[in-house]
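Here is the structure we will look at.
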Amino acid sequence: MEKTLAIIKPDAVKKKLIGPIIQRIEQEGFEINEMKMIHLSKKEAEGFYAVHKDKPFYSSLTDFMSSGKIVLMVLERENAIEKWRQVMGVTDPALADPGTLRHTYGFSIERNATHGSDALDTAKWEINYFFK
Ligand code: ATP
Ligand code: MG
């Protein structure tokens, strides 16, 4: 079975969306293998998103991701990485398909409610970043 890292981002936690997002995760057939709530420091957010360090949105993104509590989960399912990205929808909520989490709960391309790993190697790296 494949594993992916899911994050409920600070915007969704502040809007009391932990419950509906976890309900959707369970409805979509994922097992939640690990789960914890933390408040990232700016440094920890920078480390997690280091792949984006040269992007113009890096500073704003890491400010946002360290602005409040987040919920981290390791999700397990057949084809978990691709399936979780389908359930979330594309990065920009304005472009995400109706019924996806980002369409329903996202506010902007930055404040887009959830995160998901994008490949097997990044999933392994991201899970190890938070769950050693
Ligand atoms: P994630 O990695 O969070 O699951 P993603 O893989 O869909 O999202 P990435 O390109 O990896 O998108 O971008 C990481 C995060 O950076 C996005 O989820 C979003 O919060 C933010 N982001 C991406 N593009 C922009 C942008 N153009 N302006 C502002 N923030 C952005
Ligand atoms: Mg990504």
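Counting convention: from 1, in listed order, for ligands and their atoms alike.
- No more than 12 heavy atoms of other residues, nucleotides or ligands sit less than 6.0 Å from atom CD of Glu31.
- Taking a 4.5 Å side-chain heavy-atom cut-off between Ile, Leu, Val, Met, Phe, Trp and Tyr, the cluster of Ile127 extends to Leu5, Ile7, Ile38, Leu40, Phe48, Tyr49, Phe57, Tyr58, Leu61, Phe64, Met65, Ile70, Leu72, Val74, Trp125, Tyr129, Phe130, Phe131.
- Put simply, the residue from Asn33, Ile32, Thr4 that forms a side chain to side chain contact (heavy atoms under 4.5 Å, CB included) with Met73 is Ile32.
- The protein residues lying under 4.0 angstrom from ligand 1, judged by non-hydrogen atoms, are Lys9, Tyr49, His52, Phe57, Leu61, Arg85, Thr91, Arg102, Ile109, Glu110, Asn112, His115, Gly116.
- Lys42 and Ser66 share no donor-acceptor pair across their side chains, judged by distance under 3.5 Å alone.
- Partners of Ala113 under the side-chain contact (heavy atoms from CB on, under 4.5 Å) rule, at least two apart in sequence or in another chain, are Asp11, Ala12, Tyr105.
- Not counting sequence neighbours, the partners of Lys69 by the side-chain contact (heavy atoms from CB on, under 4.5 Å) test are Val13, Met37, His39.
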